[in-house]
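Shown next, in structure tokens, is the structure this report addresses.
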Amino acid sequence: MTENLQLGALLAACHWIGQKGWSPATGGNMSVREGDAHCLITESGKDKGSLTADDFLLVALESGLAPGGRRPSAETGLHTMLYSRYPETGAVLHTHSVNSTVLSRVERSGALVLEGYEMQKSLSGQTSHLDQVVIPIFDNSQDIPALAQKIIASSEHAPLQYGFLLRGHGLTCWGRDVAEARRHLEGLEFLFQCELQRRLLEAK
Ligand SMILES: CSC[C@@H](O)[C@@H](O)C(=O)COP(=O)(O)O
Ligand SMILES: [Zn+2]
């Protein structure tokens, strides 16, 4: 296998995520696409803030399995679903920040709608604070294949963009490459913090 040029950028992103406190304990998982049929994804149970290149496993998108018996992330099925359905996806970041965990519970509907924030323009294709950014929220589940099917069903009428929230769990976001996924993560986290504070201050 030739060296994946995105892996260095992904490792740096994982360390940055760790420093931000967005993947406490062993929470979170991260991956990059490796050609048409594979991705490199974090091994399950690792501290994502102190990963090395050896902590990434080559997984087939079709099977979700890694050779050699090592266990890829428990949430591999969500990453492989994104790479399979959206060929332009080059990197996926899943994090467990306090803001994404809390906001996905406070918002009881099936989507978080963000509007009126200049930082919406950190998301590719967004050009105005006047537009709406809709981040779907799916109820958390330990049954990842079933969860992936629910997300696919929802995406049939509302195509996924940027990211989705898992209720009480965290954010999964992505981009064409690691740099874009990282920008989406930072932009969304900023927006989540603003929205949470706005709701707190405006609560009667
Ligand atoms: C604190 S563990 C939470 C896990 O169940 C899961 O949600 C997670 O993000 C990390 O799982 P992993 O299997 O290490 O990729
Ligand atoms: Zn998780």
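First listed ligand is number 1; within each ligand, the first listed atom is number 1.
In summary, the atoms of ligand 1 found under 4.0 Å from a heavy atom of Gly45, numbered by their order in the structure, are 12 (P), 13 (O), 14 (O). Heavy-atom contacts of Thr26 reach the following atoms of ligand 1: 1 (C), 2 (S), 10 (C), 14 (O) (cutoff under 4.0 Å). If you number the atoms of ligand 1 from 1 as listed, the ones under 4.0 Å from a heavy atom of Asn29 come out as 8 (C), 9 (O), 10 (C), 11 (O), 15 (O). Residue contact check: Gly28 has heavy atoms under 4.0 Å from atoms 8 (C), 9 (O), 10 (C), 15 (O) of ligand 1. For ligand 1, the atoms sitting less than 4.0 Å from at least one non-hydrogen atom of His169 are 7 (O), numbered in the order shown with element in parentheses. The Ala74 neighbourhood of ligand 1 comprises atoms 12 (P), 13 (O), 15 (O), with distances under 4.0 Å to a heavy atom of that residue. The distance from ligand 1 to the heavy atoms of His94 drops below 4.0 Å at these ligand atoms: 9 (O).
Atom CZ of Arg176 is surrounded by 12 or fewer heavy atoms from other residues, nucleotides or ligands within 6.0 Å. Heavy-atom neighbours of Asp36 CG from other residues, nucleotides or ligands within 6.0 Å: at or below the threshold of 12.
With Met30 as reference, Ile17 is the one residue of Val92, Ile17, Val178 to meet the side-chain contact (heavy atoms from CB on, under 4.5 Å) rule.
Gln120 places a side-chain N or O within 3.5 Å of a backbone atom of Asp131 that can act as its donor or acceptor partner.
Counting only heavy atoms from C-beta outward, the side chains of His169 and Phe138 never approach each other to under 4.5 Å.
In this structure, atom 15 (O) of ligand 1 lies nearest to the protein heavy atom Ser73 OG, 2.7 Å. Summary of contacts: the protein heavy atom closest to atom 3 (C) of ligand 1 is His96 CE1, 3.7 Å.
Taking all heavy atoms of Ser44, Ser23, Pro24, Ser31 into account, the minimum distance to atom 12 (P) of ligand 1 is reached by Ser44. Evaluated by nearest non-hydrogen atom to atom 8 (C) of ligand 1, the leading choice among Glu43, Glu75, Met30 is Glu75.
Under 4.0 angstrom from ligand 1, there are no non-hydrogen atoms of Ala25.
The aromatic rings of Phe164 and Trp174 sit tilted relative to each other, their planes meeting at an angle between 30° and 60°. The aromatic rings of His79 and Tyr83 lie tilted to each other, with the angle between the two planes from 30° to 60°.
Classification of Arg199 and Glu107 as a salt-bridged pair holds, one side-chain N sitting under 4.0 Å from a carboxylate O.
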Review point. When you look at Tyr162 and His184, which way does the ring-ring contact (aromatic ring centres under 6.0 Å, His included) test go after all the steps?
Key: CA-CA 7 Å; Tyr162 323 118; His184 287 166; 5.3 Å; yes
Practice item. With side chain to side chain donor-acceptor pair (under 3.5 Å) as the test, would you mind laying out the steps for Arg183 and Ser124 before giving the verdict? Key: CA-CA 9 Å; Arg183 195 183 78 235; Ser124 291; 2.8 Å; yes
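Between Thr42 and ligand 1 there is no heavy-atom distance shorter than 4.0 Å. In this structure, Arg71 falls outside the shell of residues with a heavy atom less than 4.0 angstrom from ligand 1.
Around the Zn ion (ligand 2), the angle linking His96 (NE2) with Glu75 (OE1) is 160°, rounded to 10 degrees.
Restricting His94 to its N, O or S atoms, the one at the least distance from the Zn ion (ligand 2) is NE2.
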